[in-house]
There are 2 protein chains.
Amino acid sequence: MNHQSTDGTVSTPDIIDMLRSAGLRPTRQRISLAALLFGQGDRHTTAENLYEEAHRAGVRISLATIYNALHQFTEAGLLRELAVDGTRTYFDTNTGDHQHFFIESEGRMIDIPAPSLKVTGIPNLPEGKRVARVDVMIRLVDE
Amino acid sequence: MNHQSTDGTVSTPDIIDMLRSAGLRPTRQRISLAALLFGQGDRHTTAENLYEEAHRAGVRISLATIYNALHQFTEAGLLRELAVDGTRTYFDTNTGDHQHFFIESEGRMIDIPAPSLKVTGIPNLPEGKRVARVDVMIRLVDE
DNA sequence: ATTTGTGCAAATCGTTTGCATCTGA
DNA sequence: TCAGATGCAAACGATTTGCACAAAT
């Protein structure tokens with residue numbers, strides 16, 4: 001299940017593995033994207049952002065393919081989608097239980113590990129529903 | 001400060017008052033929108049949604065004006081903007097301290113009053129930042 | 001050989017903007 | 001009167017889609 005080594009890097013064979021076990025064909029583009037996404041610890045990125053990064057790294061890939069890949073990765077449970085401000089969609093490589101600071105001035109997010117942050121006093125849920133996820137976003141501005 | 005009577009209705013003079021004290025000219029369109037928004041207790045709505053509702057109610061108003069008004073109301077502190085899913089922007093007539101259930105299947109939100117729900121264990125903030133707002137969104141799916 | 005993925009450009013969706021016209025103070 | 005508001009249509013940015021071509025099994 002864990003495809004990352006302790007130093008935060010991921011080797012190509014491991015990436016191919018990760019994609020295969022997610023039921024995704026390890027194509028050149030997906031391998032490149034996965035390497036960028038999972039090769040350097042937890043990160044939060046947007047499609048456009050990743051597109052530029054890929055091009056800077058010399059990877060030939062279209063924006064449409066990036067969107068496809070990000071959604072496929074999300075469905076496969078490799079990424080988590082974050083709603084922040086209604087304009088762009090962020091993707092988080094950390095799919096574990098955690099929350100976020102959001103720095104409005106920079107459009108940047110910082111992870112808050114789950115153990116420290118707690119949400120208590122959730123009222124009874126409406127009939128026939130269950131909690132899919134609890135999202136906490138702590139919005140920060142300059143002092 | 002409080003422009004609503006206890007039964008949740010708002011009279012036209014009160015709406016005009018509300019707009020004036022918010023520094024907004026009480027135009028025909030803004031009065032109509034404010035009546036729809038604040039005339040029936042707390043609600044969560046989108047621009048498109050409000051546009052249809054206004055037209056059903058026989059109010060002549062353009063979508064652009066709705067967007068303008070929603071943003072002006074938000075800046076004036078009469079509304080709160082909610083980021084839910086990156087596609088549409090929701091506006092909440094309840095500007096007090098509270099949080100939300102979000103029912104994914106219906107795209108509908110339910111208020112959670114502040115006193116019951118608590119977020120604890122917030123880590124130290126980055127240097128020079130302060131908390132602007134803590135948003136909690138509890139996403140619900142069918143059981 | 002067959003299935004699946006990719007790239008491109010056009011289409012779509014929610015939202016914003018420019019500008020001529022109206023309206024409230 | 002005249003700053004401020006409105007409506008319309010065109011512009012916009014992010015995202016999705018249709019389809020011919022290419023790559024993976």
Side-chain angles (χ1 to χ4, degrees), chain A residues 12-13 15-37 44-55 57-76 78-79 81-91 107, chain B residues 12-13 15-36 44-55 58-76 78-79 81-91 107:
Chain A
T12 304
I15 287 177
I16 292 180
D17 252 34
M18 179 190 304
L19 292 173
R20 281 231 169 78
S21 29
L24 297 169
R25 274 196 197 171
T27 65
R28 182 175 57 75
Q29 288 83 342
R30 287 184 188 156
I31 292 167
S32 301
L33 288 184
L36 288 173
L37 285 169
H44 314 92
T45 193
T46 63
E48 193 71 39
N49 195 350
L50 193 56
Y51 178 69
E52 283 162 22
E53 191 177 343
H55 274 251
V59 178
R60 290 189 305 93
I61 189 169
S62 74
L63 189 53
T65 299
I66 303 235
Y67 275 105
N68 287 338
L70 286 173
H71 288 137
Q72 290 152 354
F73 289 4
T74 301
E75 269 172 57
L78 301 172
L79 291 176
E81 210 170 328
L82 300 174
V84 174
D85 62 9
T87 63
R88 348 167 151 284
T89 302
Y90 284 74
F91 292 87
Chain B
T12 304
I15 287 179
I16 292 180
D17 251 34
M18 179 189 305
L19 292 173
R20 279 230 172 78
S21 30
L24 298 169
R25 271 199 201 170
T27 65
R28 183 176 57 74
Q29 289 82 342
R30 297 214 270 230
I31 293 168
S32 301
L33 288 185
L36 289 173
H44 314 90
T45 193
T46 63
E48 193 70 39
N49 196 349
L50 194 57
Y51 178 68
E52 285 163 19
E53 191 177 343
H55 275 253
V59 178
R60 289 190 307 92
I61 190 170
S62 75
L63 190 52
T65 299
I66 303 236
Y67 275 105
N68 287 338
L70 286 173
H71 288 137
Q72 290 152 353
F73 288 5
T74 300
E75 269 172 59
L78 300 173
L79 290 176
E81 209 170 328
L82 300 174
V84 174
D85 62 10
T87 63
R88 351 166 151 284
T89 302
Y90 283 74
F91 293 86

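Below, chain A is the first sequence line, B the second, and so on; all start at residue 1. As a basis for the values below, the full set of heavy atoms in this structure was taken, side chains included, without hydrogen atoms, waters or symmetry mates. Keep in mind the model is a prediction, meaning the values are calculated, not measured.
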Worksheet entry | Below 4.0 Å: OP1/OP2 of D:dT6 and any side-chain N or O of B:Thr27 | yes
Practice prompt. For B:Arg28 and C:dT23, give me the distance from atom CZ to atom P, rounded to whole Å.
Written response: 8 Å
Item to complete: Test A:Gln29 against every option in A:Thr27, A:Ile31, A:Leu33 by the side-chain contact (heavy atoms from CB on, under 4.5 Å) rule and name the one that passes.
Response: A:Thr27
Worksheet item: Taking the side chain from A:His55 and the backbone from A:Tyr51, do they hold a donor-acceptor pair closer than 3.5 Å?
Response: no
Item to complete: Could you tell me whether the phosphate oxygens of C:dT15, OP1 or OP2, come under 4.0 Å of any side-chain nitrogen or oxygen in B:His71?
Response: no
Worksheet item: In whole angstroms, how far is the P atom of C:dT16 from the OH atom of B:Tyr51?
Response: 16 Å
Worksheet item: Between C:dT6, D:dG7, D:dT16, which nucleotide has the shortest distance from any of its atoms to the side chain of A:Thr65?
Response: C:dT6
Fill in: Integer-rounded Å distance: D:dT17 C1' and A:Leu63 CG
13 Å
Worksheet item: How close or far is atom P of D:dA23 from atom CG of A:Leu19, stated in whole angstroms?
Response: 18 Å
Worksheet, complete the sentence: Note: for B:Ala47 and A:Gln72 on DNA chain C, the residue whose nearest nucleotide lies more 5' is A:Gln72
Practice prompt. Looking only at side-chain atoms of A:Thr89, point me to the closest of D:dT15, C:dT6, D:dT25.
Written response: D:dT15
Worksheet item: How many angstroms lie between atom CD1 of A:Ile61 and atom CG of A:Leu36, to the nearest 0.5 angstrom?
Response: 9.0 Å
Discussion item. Checking contacts here: which listed nucleotide (C:dT16, C:dG7, D:dT25) is nearest the side-chain heavy atoms of B:Tyr67?
Written reply: C:dT16
Worksheet, complete the sentence: One should read off an interatomic distance between B:Met18 CE and B:Thr12 OG1, to the nearest 0.5 angstrom, of 11.0 Å
Worksheet item: Under 4.0 Å between a side-chain N/O of A:Arg20 and OP1 or OP2 of D:dT25, yes or no?
Response: yes
Discussion item. Go nucleotide by nucleotide along DNA chain D from the 5' end; which of B:Ser62 and A:Thr46 gets its closest nucleotide reached first?
Written reply: B:Ser62
Response to the item:
Between CZ of B:Arg60 and C1' of D:dG7 the distance, given in whole Å, is 10 Å
Item to complete: Tell me which nucleotide among C:dG14, C:dT17, C:dC8 gets nearest to the side chain of B:Ala64.
Response: C:dT17
Worksheet item: Roughly, in whole Å, what's the span from CD in A:Gln29 to C1' in C:dG7?
Response: 9 Å
Worksheet, complete the sentence: Among D:dT16, C:dG7, C:dA25, the one nearest any side-chain atom of A:Ile61 is C:dG7
Discussion item. Between the base of D:dT25 and the side chain of A:Arg25, is there a donor and acceptor pair under 3.5 angstrom?
Written reply: no
Discussion item. Whole angstroms only, please: what is the CG-C1' distance between B:Leu24 and D:dG4?
Written reply: 11 Å
Worksheet entry | Under 3.5 Å: donor-acceptor pair, side chain of B:Arg20, backbone of B:Pro26 | no
Fill in: Euclidean distance, atom CG of residue B:Asn68 to atom C1' of C:dC19 [Å, nearest integer]
14 Å
